Amino acid sequence: VMEALPLNPSSLSNLRKRRGLDPLPAGESWKLLVAKNAPVVVPIHEVAFNGKPADWEDNTVLTEFIFLRGETVQKLDKLYTDFISKAKASGHPVVLMAFSSMPVSRGDILNTASMMVEKCQPQPAVIAMMGNRPKESVSSSLEDRAARHKAKGLLLEGTVAPFGELLPLMDVNIIHGGLGTTAEAMRA
């Protein structure tokens, strides 16, 4: 949760400090919102939950889905469509693993993607999205391991792609739970 990231300059306590407010003890922000009956707007339609969950507070308002798209929808790059087509033609389910701006290292992403390729049955082809972060160096053994999977068409290290186009083509989506990505996953 945003309030529990002490080194994050955007953590709730850091935002409050910059505005001259006292920090909240970790885990207290939700209790405070409920106590003050502050509106909590969730931009996901209630149909996604089969109605508003009964245990949600009265101050929770469900709206329409949020889709963070511009005027035109970007087309999916041939790099992705070719990877997906070849994987599916070879009988491999295609898995997307995307953490967007979450602080997950390239090494952790490549290691997890490699473990999926090596241990899951049926063997998947994995698209590991790195986002626009600077390319982090990893150990040579992990780099070699990932390179072997890439050479076999089982791993694609991606940067960005329009999720509205990509997610419907996946057999499995592993996402960080951000609002736009979650809405696109539910729509897919």
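Keep in mind it's a predicted model, so treat the numbers as computed, not measured.
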(message) Could you see if Leu110 belongs to whatever hydrophobic cluster contains Val172? Use Ile, Leu, Val, Met, Phe, Trp, Tyr and a side-chain cutoff under 4.5 Å.
(response) yes

(message) Count I, L, V, M, F, W, Y as connected when their side-chain heavy atoms are under 4.5 Å apart, and connections chain through other members. Are Val138 and Val117 then in the same cluster?
(response) yes

(message) Within this structure, what is the OG-NZ distance for the pair Ser114 and Lys150, rounded to the nearest 0.5 Å?
(response) 9.0 Å

(message) Are Val40 and Phe49 linked, directly or through intermediate hydrophobic residues, by side-chain heavy-atom contacts shorter than 4.5 Å (ILVMFWY only)?
(response) yes

(message) I need the Leu79 CG to Leu156 CG distance, nearest 0.5 Å.
(response) 4.5 Å

(request) Mind checking the CG-OH spacing from Leu169 to Tyr80? Nearest 0.5 Å is all I need. (result) 12.5 Å

(message) To the closest 0.5 Å, what do you measure between NZ (Lys152) and NE2 (His92)?
(response) 10.0 Å

(request) Take atom CG of Asp58 as the centre, draw a 6.0 Å sphere, and report whether it contains more than 12 heavy atoms from other residues, nucleotides or ligands. (result) no

(message) Could you report the tightest heavy-atom contact between Glu46 and Lys52, atom names first, then the distance?
(response) CB-N, 4.0 Å

(request) Taking Ser85 for its side chain and Asp82 for its backbone only, find out whether a donor-acceptor pair lies under 3.5 Å. (result) no

(request) Of all the heavy-atom pairs spanning Ser105 and Glu136, show the shortest one and how long it is. (result) CB-OE1, 3.4 Å

(message) With rounding to the nearest 0.5 angstrom, report the CE to CE distance, Met130 to Met97.
(response) 6.5 Å

(message) To the nearest 0.5 Å, what is the distance between CG on Leu166 and CD1 on Ile127?
(response) 5.0 Å

(message) Could you check whether atom NZ of Lys86 has more than 12 heavy atoms from other residues, nucleotides or ligands sitting under 6.0 Å from it?
(response) no

(request) Please lay out, stage by stage, how Ile84 and Met170 fare under the test side-chain contact (heavy atoms from CB on, under 4.5 Å). (result) CA-CA 8 Å; Ile84 294 164; Met170 298 295 102; 3.4 Å; yes

(request) Look at the side chain of Asp171 and the backbone N and O of Val94, then say whether any donor-acceptor pair between them is shorter than 3.5 Å. (result) yes

(message) Under the criterion side-chain contact (heavy atoms from CB on, under 4.5 Å), I'd like the reasoning laid out for Glu157 against Ile109: C-alpha separation, chi angles, the key distance, then a yes or no.
(response) CA-CA 9 Å; Glu157 191 173 345; Ile109 294 171; over 6 Å; no

(request) Assess whether side-chain contact (heavy atoms from CB on, under 4.5 Å) is satisfied between Asn173 and Phe163, documenting all intermediate values. (result) CA-CA 10 Å; Asn173 291 306; Phe163 282 165; over 6 Å; no

